[in-house]
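Small disclaimer: the values here were computed from a predicted structure and weren't measured.
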Amino acid sequence: MYISIKSRLIFLLIAFTLLPFVLLRIVAYPKVQSDLQEILIRNLDGIGHKQAELVTNWVQERVKNAGVIAENPFMTKCAKINEQDEDYPYVVKYLKSIQYKYGYKGILISDDKGMITVATAEERVGHDISQRDYFQQALQGNTYVSGIVPSEIPLINEFGEKEPGMPTMFVSTPLRDRDGMIAGAIVIRVDVNALNNLMLSLKLGTTGETYLINKDGYMITESRFVQQLRDIGLVKRRCALELALVNRETGELTHGVKQCVAGINGFDAKGYKDYRGTTVLGVWRWLPEFNWGVMAEIDKDEGYGPAYNLNYIVSSVLVTLVIPIVLVAYIIGKKTSTPIIQLTEVTKRIALGDLAQSVDIKRDDEIGILANSFNIMAQSLDEKTREIAASEKRYRELFNSVKEGVYQSEPTEDGMFISINQAGAEILGYKSPKEVIGIKVKDIYVNQEDRRKVVEKLNKDRIWRSFTSLCKRKNGEQFYMERTSNLVVDETGKPIRIDGIFRDITERKILEEELQESELHYRQLLKLLKEGIYQCEPTEDGVFTWINQAGAEMLGYASPEEVIGTAVKDTYVNPSDQRELIETLEKNVMRRDFVAYGKKKNGERFISENTCNLVRDASGKPIKILGIFRDITGK
């Protein structure tokens with residue numbers, strides 16, 4: 001490889017100038033970043049641990065309060081009290097005093113049947129809670145802490161309005177009589193705003209926050225960015241129970257939340273996208289006793305800000321010292337280095353996908369030849385890439401726009417779908433092609449033996465057109481599929497895949513069966529009729545185009561097939577009778593009880609009575625005559 005002395009000089013000058021700073025950037029900066037990362041994650045982990053302890057202590061205090069109330073001997077009596085008892089107002093007053101003292105949303109007492117006997121919210125007295133988890137757990141003798149769930153009754157929200165579905169939670173414990181038997185339950189409706197304040201009370205920089213999540217990956221306390229989330233439409237009123245903690249790009253739970261709900265405590269120091277779409281550093285801890293998770297996150301830019309600043313300072317110093325050396329090197333090697341740099345920059349842009357680039361270098365040496373060849377190559381590559389992109393776009397649009405299912409599968413009996421369009425996925429009962437890919441093709445057949453027959457047929461003939469089989473959708477619904485498949489092989493003849501197109505022909509199958517049945521009934525009915533029924537062309541020289549068995553026999557023929565194609569006028573003794581009939585039909589469309597002499601195949605005469613109707617098309621042009629006739633000879 002040829003390298004000029006000027007290029008060598010430029011390289012050596014720059015290399016020896018940059019060497020100390022490069023070593024600083026390569027050795028010192030990663031060490032500082034690693035140390036900072038360790039400190040930051042340790043701090044985040046400490047914060048997450050502290051918040052987990054605070055949440056646990058907070059819940060245990062609620063449980064303790066419920067136990068204290070339940071231990072009051074008078075509370076057991078309240079399980080059987082009613083509103084007419086003279087002690088009822090004092091009980092309510094006592095419960096309300098506890099409610100206001102500890103900031104609860106409500107307190108209620110029920111009997112052992114689940115009927116509320118006392119409640120700080122009067123409209124709930126007499127309400128049946130026997131099916132509620134918190135009652136059933138208390139009835140089993142357990143102190144129970146519910147998850148944060150939507151309230152079943154309207155509660156006062158943060159705007160001072162009554163709102164159903166407000167986030168709430170319950171703490172319940174059994175009421176026991178003197179014999180230790182469970183007489184009922186006491187239930188506390190906890191104000192989750194206190195939990196929100198607990199999680200928001202810890203300040204973690206300008207972008208850090210801690211919050212709680214449930215096992216379904218929803219936030220159950222408020223985010224410090226709630227107003228921002230309202231502005232962009234991710235939540236309507238609040239984050240709790242509204243905000244699904246998913247990556248907006250993938251639609252899946254964020255990395256930290258996914259790990260947390262799986263019960264895996266840990267951290268991510270490299271960064272991941274949070275529910276806002278911002279890259280954050282995170283620590284998470286799962287609380288299995290409550291089915292909650294504690295998340296502690298901070299924006300990556302803020303967390304690693306000092307490291308970024310150090311990088312900026314080192315880079316700035318490096319640039320400041322390099323400029324004079326680079327300037328000298330540039331002056332020395334300008335004539336040689338400029339075209340090389342230009343070629344390098346254009347090559348980078350082409351590598352990034354901008355294939356319309358070219359270099360403007362006009363020289364009579366090797367670099368000039370290289371630049372000219374490079375421009376020719378880039379132009380050719382750009383044209384080919386555009387053609388391929390346009391072709392792929394047309395194919396993809398066609399692939400997704402056709403109403404028939406288009407698919408590719410592995411070429412074996414147990415082969416799976418490897419590609420399918422949207423229409424094909426919907427025909428098979430799936431919402432998207434992603435759900436179908438990976439499913440065994442034989443699983444869509446009602447009789448999986450059909451898949452073996454298809455593979456054998458394709459291995460033999462390479463293609464099978466318009467074959468029909470009974471298949472089933474995702475939900476088990478059966479339908480008829482018509483398919484054309486082609487076996488694709490490599491240059492050695494080895495099967496690579498099966499390409500195919502299919503459609504749902506269930507409606508057509510049903511119509512065909514109904515049509516066959518209807519036609520059978522129609523033909524059986526016509527056979528039973530003693531009158532002749534026919535159809536003929538609407539001209540004087542017209543021929544019979546259809547006739548029933550009775551009509552054929554009246555004309556002396558053994559079957560309708562012998563009559564079809566015979567001129568109608570040949571069945572009249574006097575052809576003018578036919579002419580008169582046609583003229584009448586052209587004027588009046590229908591003629592009833594038209595009597596004329598007819599003749600049979602053997603020439604025998606008979607008197608016929610006809611009722612006919614002229615059928616016209618949409619433009620009014622006669623297209624056929626429909627009629628019925630009978631032999632009235634001797635009548």
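For CD of Glu86, the number of neighbouring non-hydrogen atoms (other residues, nucleotides, ligands) closer than 6.0 Å is 12 at most. Counted within 6.0 Å of CD on Glu507, heavy atoms from surrounding residues, nucleotides or ligands total 12 or fewer; the atom is thus considered open. Within 6.0 Å of the CZ atom in Phe74, the count of heavy atoms belonging to other residues, nucleotides or ligands exceeds 12.
No donor-acceptor pair under 3.5 Å is formed between the side chain of Ser151 and the backbone N or O of Pro154. The closest donor-acceptor contact from the side chain of Asp85 to the backbone of Tyr88 lies at 3.5 Å or more, if one exists at all. A donor-acceptor pair under 3.5 Å is formed between the side chain of Thr117 and the backbone N or O of Cys78. With hydrogens and angles ignored, the 3.5 Å screen pairs a side-chain donor or acceptor of Asp128 with a backbone N or O of Ser130. Proximity of a side-chain donor or acceptor of Asp111 to a complementary backbone N or O of Gly114 within less than 3.5 Å is detected. Not one N or O on the side chain of Lys105 forms a donor-acceptor pair closer than 3.5 Å with the backbone of Thr168. Checked by atom type and distance alone, the side chain of Thr120 pairs as donor or acceptor with a backbone atom of Ile107 at under 3.5 Å. The main-chain N or O of Ala194 is never found under 3.5 Å from a side-chain atom of Asp191 such that the two would form a donor-acceptor pair.
With no hydrogens or angles considered, no side-chain donor-acceptor pair links Gln259 and His255 at under 3.5 Å. With 3.5 Å as the limit, one finds a donor-acceptor pair spanning the side chains of Asp504 and Thr506. Checking Tyr275 against Ser223 by side-chain atom types alone, a donor-acceptor pair falls below 3.5 Å. A side-chain N or O of Thr173 and one of Thr143 form a donor-acceptor pair less than 3.5 Å apart. No side-chain donor from either of Gln448 and Arg451 sits under 3.5 Å from a side-chain acceptor of the other. In this model, a donor atom of one side chain and an acceptor atom of the other lie less than 3.5 Å apart for Gln51 and Thr210. Side chains of Asn247 and Glu252: no donor on one and acceptor on the other come within 3.5 Å. Side-chain polar atoms of Gln140 and Gln136 form no donor-acceptor pair below 3.5 angstrom.
Taking the six-membered ring for Trp and thresholds of 30 and 60 degrees, Tyr104 and Tyr102 have nearly parallel ring planes, at less than 30 degrees apart. Between Tyr407 and Phe502, the ring-plane angle classifies as tilted under the 30° and 60° cut-offs.
Side-chain contact between Asp231 and Gln227: present, with at least one pair of heavy atoms (C-beta onward) separated by less than 4.5 Å. Residues Tyr144 and Asp133 form a side-chain contact, since some pair of their non-hydrogen atoms from C-beta on lies under 4.5 Å apart.
For the atom pair CG (Leu287) and CD1 (Ile213), the distance works out to 9.5 Å, reported to the nearest 0.5 Å. Interatomic distance, CD1 of Ile98 versus CD1 of Ile188, reported as 7.5 Å (0.5 Å rounding). With rounding to the nearest 0.5 Å, the separation of CG in Asp299 from CD in Glu209 is 9.0 Å. A distance of 7.5 Å separates CG in Leu175 from OG in Ser110, rounded to the nearest 0.5 Å.
The pair Lys509-Glu513 fails the salt-bridge criterion, with no side-chain N (NZ, NE, NH1 or NH2) lying under 4.0 Å from an Asp/Glu carboxylate O.
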Exercise. Check the pair Glu161, Arg237 against salt bridge (Lys or Arg N to Asp or Glu O under 4.0 Å), reporting the backbone distance first and the verdict last.
Key: CA-CA 12 Å; Glu161 306 167 345; Arg237 283 184 171 266; 3.5 Å; yes

Practice problem: List the steps and the verdict of salt bridge (Lys or Arg N to Asp or Glu O under 4.0 Å) for Asp414 and Lys442. | Solution: CA-CA 7 Å; Asp414 292 324; Lys442 70 178 183 180; 2.6 Å; yes

N/O donor to acceptor pairs below 3.5 angstrom from side-chain atoms of residues 430-440, sequence neighbours left out:
| residue | atom | partner | partner atom | Å |
| --- | --- | --- | --- | --- |
| Glu435 | OE1 | Lys474 | NZ | 3.2 |
| Glu435 | OE2 | Lys431 | N | 3.1 |

